[in-house]
Amino acid sequence: MTTPDLSGAYALDGADACRRLYADWADSYDSDFAAGMDYRLPAETAAAWLRSDPPPGPVLDVGAGTGLLAAALRGMGHRGAIDAVDLSEAMLDRAARKGLYRRLTAADVTRPLPLPAEYAGIVSSGTFTHGHVGPEALAPLLAIARPGAVFALSVNAAVWEALGFARALDALGERIGGLDRAEVSIYGEAARRRDPAHAADHALIVTFRKT
Ligand SMILES: C[S@@+](CC[C@H](N)C(=O)[O-])C[C@H]1O[C@@H](n2cnc3c(N)ncnc32)[C@H](O)[C@@H]1O
């Protein structure tokens, strides 16, 4: 088996392919991919969420993977409950071992979610991207957010137009407020040597509040 990489992940075409790829990637994701690429997006997303003055209450990490975003939130001082949802049981299994999450749920975030409508924060890094999740997840996520909940979602800049994120956010109208976005680098310096094709990739971190 060869270790999965970004090109394989970006070419995914459905839930089964996603589960297979991440089952092969889960063990080496942190040590090989995240460390090797100096993967900054979880920290950028955590910082954007904390800057947006979120209300107290539980946070849901969407496409939580191995738990890098929860680790970034904890590292920045966030002490409240964090839950994880992800399609891949293998990735959630790695995340569970870190002891960062209150509850871990295997589910597809593009469908109605088997979670209570209690979240004061919805965060996500690296999941709204090529071959993964598009704006169709916004409605199921809004449905489980409480009024006033703060969202911070990274969206790969290359799919922002292609998958229609601006249109989808616009269509939410008065259901959301305070919409803002900031462009960030996904990777650091180490990525130039490791994967020059993706080293300069950017994401937009979208922040808004459920009204
Ligand atoms: C690139 S990883 C990002 C993981 C983590 N958030 C991070 O920043 O390291 C993308 C994650 O999204 C998950 N994913 C992909 N499609 C999904 C879906 N429809 N529903 C839930 N999770 C999904 C994958 O299983 C994978 O763990």
Side-chain angles (χ1 to χ4, degrees), residues 41-65 67-74 76-87 100-130 132-184 186 202-211:
L41 201 50
E44 294 280 10
T45 307
W49 185 73
L50 289 168
R51 273 197 307 270
S52 302
D53 193 23
V59 179
L60 181 67
D61 183 0
V62 176
L68 297 177
L69 178 45
L73 283 169
R74 293 282 185 243
M76 293 174 194
H78 183 70
R79 294 286 160 258
I82 310 175
D83 291 349
V85 61
D86 199 289
L87 198 52
L100 298 165
Y101 294 104
R102 176 183 70 167
R103 179 195 296 147
L104 300 98
T105 303
D108 181 345
V109 298
T110 65
R111 304 192 172 203
L113 287 161
L115 293 168
E118 67 170 4
Y119 291 101
I122 306 265
V123 297
S124 182
S125 66
T127 298
F128 291 87
T129 189
H130 306 274
H132 285 56
V133 175
E136 65 278 9
L138 293 172
L141 294 174
L142 270 177
I144 53 162
R146 60 167 83 148
V150 168
F151 284 61
L153 312 175
S154 82
V155 180
N156 188 297
V159 305
W160 177 262
E161 287 296 335
L163 296 184
F165 276 93
R167 259 195 326 279
L169 288 162
D170 200 41
L172 294 176
E174 295 186 355
R175 295 174 66 196
I176 65 169
L179 180 62
D180 202 359
R181 63 188 219 199
E183 188 157 0
V184 299
I186 301 178
H202 281 70
L204 297 169
I205 299 183
V206 194
T207 50
F208 56 88
R209 198 173 282 270
K210 176 174 171 170
T211 49

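Heavy atoms only: backbone and side chains are in, while hydrogens, waters and symmetry mates are out. Predicted model, so just to flag it, every value in this text is computed and none were measured. Just so you know, residue 1 is the first one in the sequence shown, and it goes up from there.
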request  = With rounding to the nearest 0.5 Å, note down the distance linking CZ in R181 to CZ in F208.
outcome  = 13.5 Å
task = Could you tell me whether the side chain of L169 reaches within less than 4.5 Å of the side chain of P135, counting heavy atoms only?
result = no
task = Looking only at non-hydrogen atoms, find the nearest pair between S154 and G126 and report the distance.
result = OG-N, 2.9 Å
Test item: P114 and T105 side chains (from C-beta on) under 4.5 Å apart, heavy atoms = yes
inquiry  = If you define the side chain from C-beta out and look only at heavy atoms, does anything of V109 sit under 4.5 Å from V133?
reply    = yes
query = Does the pair L138 and L153 meet the rule for a side chain to side chain contact (heavy atoms under 4.5 Å, CB included), with working shown?
reply = CA-CA 10 Å; L138 293 172; L153 312 175; 3.8 Å; yes
remark   = Heavy-atom closest pair (L73 atom, A46 atom, distance to 0.1 Å) is CD2-CB, 3.7 Å
message = Can you tell whether the side chains of D108 and R111 come within less than 4.0 Å, N to carboxylate O?
response = yes
query = Roughly how far apart are S52 OG and F151 CZ, rounded to 0.5 Å?
reply = 12.0 Å
message = Using 0.5 Å steps for rounding, measure from the NZ atom of K210 to the CZ atom of R175.
response = 7.0 Å
key: Non-hydrogen atoms of L69 and S125 that approach each other most closely   = CD2-N, 3.7 Å
request  = Start with the C-alpha gap between E118 and R102, add the side-chain angles, then the distance that decides, and say whether salt bridge (Lys or Arg N to Asp or Glu O under 4.0 Å) holds.
outcome  = CA-CA 14 Å; E118 67 170 4; R102 176 183 70 167; 2.6 Å; yes
ask   = Atom OG1 in T110, atom CD in E136: separation rounded to 0.5 Å?
value = 5.5 Å
query = What distance separates I186 CD1 from L41 CG, expressed to the nearest 0.5 Å?
reply = 5.5 Å
ask   = Are any non-hydrogen side-chain atoms of R146 and P58 less than 4.5 angstrom apart?
value = yes
inquiry  = R103 vs L115, test: side chain to side chain contact (heavy atoms under 4.5 Å, CB included). Steps then yes/no.
reply    = CA-CA 10 Å; R103 179 195 296 147; L115 293 168; 4.3 Å; yes
ask   = Relative to the ring of W49, is the ring of H78 parallel (under 30°), tilted (30 to 60°) or perpendicular (over 60°)?
value = perpendicular
note = All heavy atoms of A47 vs all of M76, minimum pair found to be N-SD, 3.7 Å
note = The side-chain hydrogen bond (donor to acceptor under 3.5 Å, both in side chains) partners of H132 (sequence neighbours excluded) come to Y22
Evaluation steps, side chain to side chain contact (heavy atoms under 4.5 Å, CB included), between D61 and D83 = CA-CA 6 Å; D61 183 0; D83 291 349; over 6 Å; no
request  = Inspect the contact between E44 and R51 and indicate whether a charged nitrogen and a carboxylate oxygen are less than 4.0 angstrom apart.
outcome  = no
request  = State, with a plain yes or no, whether a side-chain heavy atom of W160 is found less than 4.5 Å away from one of V206.
outcome  = yes
query = Under 4.5 Å between any side-chain heavy atoms of R209 and I176, yes or no?
reply = no
remark   = Minimal heavy-atom distance between A72 and P42, with the atoms involved, is CB-O, 3.9 Å
note = Closest non-hydrogen atoms of F128 and V159, given as atom of the first, atom of the second and distance, are O-CG2, 4.2 Å
request  = Could you walk me through whether L60 and V85 pass side chain to side chain contact (heavy atoms under 4.5 Å, CB included), step by step?
outcome  = CA-CA 7 Å; L60 181 67; V85 61; 4.0 Å; yes
request  = Can you measure from CD1 (I122) to CG (L141) and round to the nearest 0.5 angstrom?
outcome  = 5.5 Å
ask   = Can you check whether R79 reaches P56 side chain to side chain, under 4.5 Å on heavy atoms?
value = no
